[in-house]
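Beneath this line is the structure, given in structure tokens, with notes to follow.
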Amino acid sequence: MSLSIQPYSAEQPVNPYLDVDLYDPDADLMVLNLGPQHPSTHGVFRVKLILDGEVIVKAIGYPGYLHRGVEKLCEKLNYSNIKAIIDKNDYISPMINEQAVNMAFEKLAGVEVPRRALWLRSLLAEFQRIASHLIALGTFGLDVGGALGGGASAFMYCFRDREMILDVFEELSGCRFHYNTHCVGGNRHDVPAGWDRMVLPALEVIEARLDELVDMMVNNQVFVDRTQGVGVIPKNLALGLGLTGPNGRASGIDCDLRRDAPYNAYGEVEVRPAVRSAGDCQARFLCRVDEIRESARLARLFLAGLPEGPISGTKPNKGPTSVKIKEGRCYVGLSTPRGELGTYLIAGGNKGLSPYRLKIRPPSLHHLASIPYILPGNNLSDAIAILGSLDPVMGEADR
Amino acid sequence: MAVDGKNDSLTYTNPAMDLMARLPGVDIFTSTVDRLLTWGSSNSLWMFPMATSCCGIEFMASATARVDIDRMGTIVRGSPRQGDVMVVAGTITVKMAPRVKKLWDQMPEPKWCVAMGSCAISGDFYRDIYSVIPGIDTVVPVDIYVPGCPPNPEQLMAGLMRLQEKMRAQQRGEWTEPEIRPETEKMNTQPDIRRLLDDERDEGISQAQYDGSCSLGMHGNEHRRHDQVGNPVGVDREQGVEALILRAQAHAQAMEALRQEAAQEFAAAQAAKEAKAKAAAEAKAAAAAKAAAEAEAAAADDDASVAGDAADEAPAGDGETP
């Protein structure tokens with residue numbers, strides 16, 4: 001005799017600590033390891049699934065396959081070197097990650113940042129958000145549609161559009177990836193001449209093709225069947241697990257640090273984050289689509305209103321500058337494409353040249369914490385769709 | 001497949017061709033078929049991605065529309081059973097390394113490995129961290145190194161074309177220069193972990209090499225061991241080399257003393273053995289002489305008894321048959 005497991009709902013929550021022996025005394029269950037090397041887990045993440053037929057009874061997540069000791073490494077690096085490491089944490093949006101630590105350093109060192117640098121940072125962050133969400137949408141299409149099915153088209157289209165953003169970044173900083181363009185007190189690279197002639201067509205093309213993508217996915221009955229009502233995270237569960245970003249907003253948590261605790265230049269413009277209430281895979285997908293549109297709008301605003309002036313508070317610095325922070329501690333919260341990225345910095349290590357402690361609050365780790373709750377009760381094939389819709393990045397979850 | 005120290009050279013072998021080559025008179029046929037097989041496999045390198053981190057994104061980008069590595073016949077396959085080339089893209093941790101080895105073992109021969117990016121090549125930033133493997137070539141043999149952080153898709157493509165050239169050259173029977181780990185090229189004194197852990201390797205020399213590299217700052221707190229043009233940062237290279245030479249000399253002296261001591265012991269043991277053998281030989285000779293003397297005496301007794309028999313036969317016969 002076995003009980004039936006239903007997907008998580010507010011009326012009937014799932015017990016993530018289910019005693020499997022109690023559930024099925026005959027021990028007629030199957031244990032399946034998803035990962036760590038699986039193309040659909042978006043990195044090296046392992047989920048141990050206990051299956052009753054095709055239905056998941058219990059799911060246990062095992063992170064740590066990409067633990068690189070970043071926080072410990074930061075304790076012996078100079079402040080100017082840390083940004084290059086933090087770039088590699090969330091490797092899908094490095095431009096925003098280096099802003100986070102940079103803001104913490106500036107806050108403690110008390111450095112004034114010119115207004116042009118603040119606007120440029122916001123502009124770059126919005127571009128990075130578009131690029132990151134394009135990866136999320138493309139790989140989600142690949143997960144749901146299968147490598148040789150229709151989903152591969154969405155993957156190809158998204159990566160084709162993302163290359164235009166990378167070209168824009170390459171024109172600015174010389175790198176496709178891991179830009180290291182932010183410094184304490186300003187930016188290293190100013191906007192090159194004729195940059196807007198490159199940026200504005202890219203935004204137009206991306207927005208036009210986004211409609212095509214949504215038409216291709218959301219009007220496809222297979223896609224709707226596989227995403228609508230699957231992997232529902234109710235609002236209370238999302239609040240309890242600390243979900244932020246598109247995943248939290250798809251569950252109805254109307255919170256965006258760009259609007260609620262403005263930093264950089266976000267206080268000077270109106271930010272309208274996309275909020276949905278369904279909380280399923282499709283809502284998370286559509287939240288990201290809406291955020292791309294919103295980011296394109298913001299990027300146009302920031303580009304049009306980019307103020308004149310210097311981009312660096314001190315002398316124009318081409319290389320990394322050394323900063324000394326004797327003491328102090330601060331928390332900086334930032335809205336990355338995945339959610340709230342927190343940086344807690346305690347200064348004072350190595351005679352003020354290095355942090356004493358740098359704690360990073362990665363949004364992906366909190367999103368992965370929802371897996372034991374929302375996977376049970378679903379089919380095995382839905383587990384792939386749910387994992388893909390959460391869009392985790394193991395680099396920042398394992399650090 | 002030959003694995004030789006730090007320079008791994010993977011020789012292209014085909015089990016079916018090896019089997020056929022043993023049959024008489026098929027040389028011409030097999031060489032033609034071998035050329036055909038190499039042409040086929042070098043133009044259809046199916047990649048098995050071991051994509052763990054940032055380089056995995058550039059790996060994905062290389063498979064999509066802009067670069068479209070598919071036009072070289074390199075299709076990305078998610079299963080090790082279907083892959084020819086394992087592309088290790090990203091940091092490999094201590095927790096992940098056994099999985100990498102397991103998946104590498106699951107791939108069918110012939111197979112190749114491409115290390116993509118600084119982390120897979122040497123560990124890069126994270127080299128000194130407790131949880132990171134300093135280079136994937138400590139786990140599986142690597143054919144092609146593609147440096148960069150991360151490398152552009154074009155660089156990965158160039159690496160795969162180098163691999164194709166290597167395969168074709170090996171099929172023609174030409175010597176192919178094995179790729180050297182880019183960092184090793186810069187710092188030749190760097191110890192190779194596998195050689196350090198080799199049981200047959202002399203312990204003293206390994207230690208001397210390790211100490212020498214420590215004074216070069218490779219295992220210290222220096223995060224960057226060399227700047228962008230390859231000069232070591234914050235370390236005294238001359239001093240390190242000097243320490244290495246001194247340690248090697250001291251070790252050689254100690255080994256020479258040990259060798260002399262052993263030679264003396266050996267000589268003493270030889271002398272003792274010879275003396276013992278001599279004594280034994282003397283004792284044997286003495287015993288032989290004694291035996292000969294006894295035999296002579298016995299013969300004399302026999303002669304005497306024969307003479308006695310002839311003298312008095314009846315009492316002797318009575319005595320023998322009571």
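Throughout, protein chains are lettered first and strands after them, A, B, ... in sequence-line order, and every chain is numbered starting at 1. Keep in mind that the numbers below use all heavy atoms, side chains included, and drop hydrogens, waters and symmetry copies.
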Main-chain N/O of L77(A) paired to S354(A) side chain as donor or acceptor, under 3.5 Å:
yes

Quick one: does E98(A)'s side chain have a donor or acceptor within less than 3.5 Å of a partner on H182(A)'s backbone?
yes

Between chain B and each of R162(A), E163(A), R160(A), count heavy-atom pairs under 4.5 Å; write down the option with the most.
E163(A)

How about Y179(A) and F169(A): are their ring centres within less than 6.0 Å of each other?
yes

Which bit of H178(A) comes within less than 4.5 Å of chain B, counting heavy atoms only: side chain, backbone, both or neither?
side chain

Which atoms of I92(B) approach chain A - backbone, side chain, both or neither, heavy atom under 4.5 Å
neither

We want to know whether T181(A) and H189(A) form a side-chain donor-acceptor pair, criterion being a heavy-atom distance below 3.5 angstrom.
yes

Measure distances from V70(A) to the heavy atoms of chain B and classify the residue's part below 4.5 Å as side chain, backbone, both or neither.
side chain

Is R81(B) reaching over with its side chain to a backbone N or O of Q106(B), donor-acceptor style, under 3.5 angstrom?
yes

Top residue by heavy-atom pair count (under 4.5 Å) with chain A, among V76(B), V132(B), T52(B)?
T52(B)

Taking the six-membered ring of F48(B), is the NZ or CZ of R77(B) close enough (under 6.0 Å from the centre) and on axis enough (within 45°)?
no

For I57(B), is it the side chain, the backbone, both, or neither that has a heavy atom closer than 4.5 Å to a heavy atom of chain A?
both

Is it the case that the ring center of F140(A) lies less than 6.0 angstrom away from the ring center of H133(A)?
no

Check each atom of R176(A) against the heavy atoms of chain B and say whether the ones under 4.5 Å are side chain, backbone, both or neither.
side chain

Residue from S131(B), S53(B), P49(B) scoring the most non-hydrogen pairs under 4.5 Å with chain A is S53(B)

Using non-hydrogen atoms and a 4.5 Å limit, figure out which bit of A63(B) sits close to chain A: side chain, backbone, both or neither.
backbone

Please flag which part of D167(A) lies under 4.5 Å from any non-hydrogen atom of chain B: side chain, backbone, both or neither.
side chain

